[in-house]
Amino acid sequence: MRNYVRKSERSVCTPELLEQARQRIANGESKLAIAKSIGITEAALRKRLKKGYGMEKLGRFKPTFTTEQENELASHCKTLDECFYGLSFMDFRRSVYQYADINNIPSGFNQESRAAGK
């Protein structure tokens, strides 16, 4: 299970997309055409419209960092690499833990090893 690859290409249907779909249906556009333009199946669109909610994310895990924070960490690692100070995998995990700790970001990282998970 370590190298799991998602088998489905399910896309996220946000509440904003659902509201746009409702407006387009009110304007007389077909559900099939709307579903194709959004990138989901017609059955999924009908289900979301009936239930009244969209999927916010895929999977059960919540991300620890925002995309801006992840980009900041990535640019820091690239800067270290350009200065010929490469990080080992364990060093990287420890620096991610320290970043979360310094910025008071709630995380599920291991407190004993003081390192982020794999």
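The first residue of the sequence shown is numbered 1, and numbering continues consecutively from there. Fair warning: this is a prediction, and the values are worked out from it, not measured in the lab.
- One N or O on the side chain of N71 and one on the backbone of T67 form a donor-acceptor pair closer than 3.5 Å.
- Taking CG of D101 as the reference point, atom CG of N104 lies at 7.5 Å (rounded to 0.5 Å).
- Atoms SG and CD, on C77 and E72 in that order, are 11.0 Å from each other to the nearest 0.5 Å.
- Here I25 contributes atom CD1 and S30 contributes atom OG; the two are 9.0 Å apart, rounded to the nearest 0.5 Å.
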- Message: For L45 and E42: C-alpha separation, side-chain torsions, deciding distance, then whether side-chain contact (heavy atoms from CB on, under 4.5 Å) applies.
- Response: CA-CA 5 Å; L45 178 63; E42 183 187 9; 5.6 Å; no
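- Listed by chain and residue number, D91 satisfy the salt bridge (Lys or Arg N to Asp or Glu O under 4.0 Å) test with R94 (two or more places apart in sequence, or in another chain).
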- Go through I38 and I34 one step at a time and tell me if the side-chain contact (heavy atoms from CB on, under 4.5 Å) criterion holds. CA-CA 6 Å; I38 293 175; I34 296 169; 3.8 Å; yes
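- Between the SG atom of C83 and the NZ atom of K78 there is a distance of 14.5 Å, given to the nearest 0.5 Å.
- At least one donor-acceptor pair closer than 3.5 Å links the side chain of Q69 to the backbone N or O of T66.
- The two atoms that bring E29 and A33 nearest to each other are OE2-CB, 4.1 Å, heavy atoms only.
- For residues 99-118, the pairs satisfying ring pair (Phe, Tyr, Trp, His ring centres under 6.0 Å) are F65-Y99, with sequence neighbours left out.
- In terms of heavy-atom proximity, A116 sits nearest to Y97 at N-CB, 3.8 Å.
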- Message: Let's go through K118 and R93 carefully: what are the C-alpha distance in whole Å and the side-chain angles of both, what is the deciding distance for side-chain contact (heavy atoms from CB on, under 4.5 Å) to 0.1 Å, and is it a yes or a no?
- Response: CA-CA 8 Å; K118 292 182 181 179; R93 289 174 53 196; 4.0 Å; yes
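- Enclosure of atom OH in Y85 is not indicated, since only 12 or fewer non-hydrogen atoms of other residues, nucleotides or ligands lie within 6.0 angstrom.
- N110 places a side-chain N or O within donor-acceptor distance of the main-chain N or O of E112, the cut-off being under 3.5 Å.
- Between the CG atom in L32 and the CZ atom in R46 there is a gap of 9.5 Å [rounded to 0.5 Å].
- At a threshold of 4.5 Å between non-hydrogen side-chain atoms, the residues S37 and R24 count as touching.
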